[in-house]
Amino acid sequence: MLKFLEYALLIAGLLFFQTGCRQSADSDQPKDISEIVVGFAQIGAESAWRTANTESIISEAKKRNIQLKFSDAQQKQENQIKAFRSFIAQNVDVIGFSPVVESGWGPVLREAKEAGIPVILVDRAVDETDESLWVTVIGSDFILEGERAGKWLIENYQRVKRPDKRMNVVNIVELQGTVGSAPANDRYRGFRNALAGHPNFKIIKTQTGEFTRAKGKEVMEAFLKSDGKKIDVLYSHNDDMALGAIQAIEAYGQRPGKDIIIISIDAVRGAFEAMAAGKLNVTVECSPLLGPQFYDAVEALIRGETIPKRIVTDEGVFPMEVAEKELPNRKY
Ligand code: AHR
């Protein structure tokens with residue numbers, strides 16, 4: 001008899017607890033920050049930039065006491081889609097994600113919308129036309145980054161490479177980022193925008209280095225093998241590929257930063273070290289420290305506030321002349 005009573009009391013207690021939880025979860029009141037569950041579908045760990053970005057997303061959640069479910073897709077879109085669907089199934093409050101490529105997101109974005117889960121795009125955008133599928137895009141203007149890289153080249157090439165000579169054709173090779181990704185597409189476009197009207201700047205080779213140091217080195221080796229001493233400039237869509245290419249250039253017996261001018265994007269610490277050593281000429285900043293902006297948007301959403309459709313990060317350009325002074329200030 002006592003056993004039965006204990007059992008009945010236990011069930012009653014559990015029911016009371018469950019009902020209480022549901023009530024608080026279903027109430028119209030905005031949730032407390034500590035109740036929020038955020039799912040974040042990250043791309044992978046292809047670069048120093050990405051590692052810093054992941055660190056920013058994870059550490060900022062801890063700092064704000066927000067529960068984070070984090071998934072690393074290891075560079076595969078199908079893994080990101082799986083993670084996305086699992087966040088929907090778990091009924092998280094907000095989904096953040098950095099799409100590995102621009103296309104192919106319509107179905108999962110619509111599933112999230114139908115489930116009433118807001119989506120925030122972090123770092124990269126998608127090429128869907130229905131903008132109601134996400135709340136905002138937080139991150140850099142990649143076209144502007146490509147334009148800044150091209151502008152620096154046009155304004156500085158003569159001074160750096162041929163101060164005492166007439167400038168003739170400038171042969172450029174380009175290392176692109178992940179095929180189909182927003183930064184690769186936009187940095188490709190932005191650089192060409194800047195070069196338009198400057199016919200002596202010629203892009204003689206362009207190929208993907210997948211945003212990784214190893215692939216950057218491999219592709220630069222191939223460029224050097226086929227075009228050798230003809231190459232005047234390397235434009236790399238990120239610092240990791242540029243750092244890999246520097247190794248290839250040195251192994252080929254040329255001086256990176258002198259024989260071949262190197263322009264890259266991201267402004268990670270490794271790039272500043274290479275600039276301080278005179279091996280990289282300029283890096284265009286692309287900040288990975290998006291955690292604070294992301295959770296500001298999450299919290300604003302939970303409070304029911306309206307968020308701008310695009311939140312652009314403020315960034316600069318760092319030529320090698322400022323590298324040594326800037327190095328101690330770098331946060332990534
Ligand atoms: O989307 C941002 C880009 O992705 C960074 O420039 C690159 O390093 C990263 O992998």
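In each ligand, atom 1 is the first atom listed, and ligand 1 is the first ligand listed. Sequence positions, counted from 1, serve as the residue numbers for this chain.
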- Item | Remaining members of hydrophobic cluster (4.5 Å side-chain criterion), M320 |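 Under the 4.5 Å side-chain rule, M320 groups with V173, L175, I204, F211, V219, M220, F223, L224, I231, L234, M241, L243, I246, I249, Y252, I260, I262, F272, M275, L280, F318, V322, L327.
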- Query: Between T283 and D239, is any side-chain donor less than 3.5 angstrom from a side-chain acceptor?
  - Reply: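 Note: T283 and D239 side chains meet the donor-acceptor criterion.
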- Query: Side chains of T212 and D240: do they bring a donor and an acceptor to under 3.5 Å?
  - Reply: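 On atom types as modelled, these side chains do not qualify, holding no pair under 3.5 Å.
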- Query: Under the ring pair (Phe, Tyr, Trp, His ring centres under 6.0 Å) rule, what pairs show up with a residue in residues 164-188, not counting sequence neighbours?
  - Reply: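 Residue pairs with at least one partner in residues 164-188: there are none.
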- Check ion pair R159-E321 (N to O, under 4.0 angstrom):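 Yes, this pair counts.
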- With a 4.0 angstrom cut-off on heavy atoms, strictly below it, pick out the residues next to ligand 1 and order them by chain and number.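 Heavy-atom contacts below 4.0 Å: E46, S47, W49, R50, D123, R124, F142, P183, R187, F211, N238, D266.
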- Item | Results of salt bridge (charged side-chain N to carboxylate O under 4.0 Å, His left out) for R124 - residues two or more places apart only |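 Residues passing salt bridge (charged side-chain N to carboxylate O under 4.0 Å, His left out) with R124: E46.
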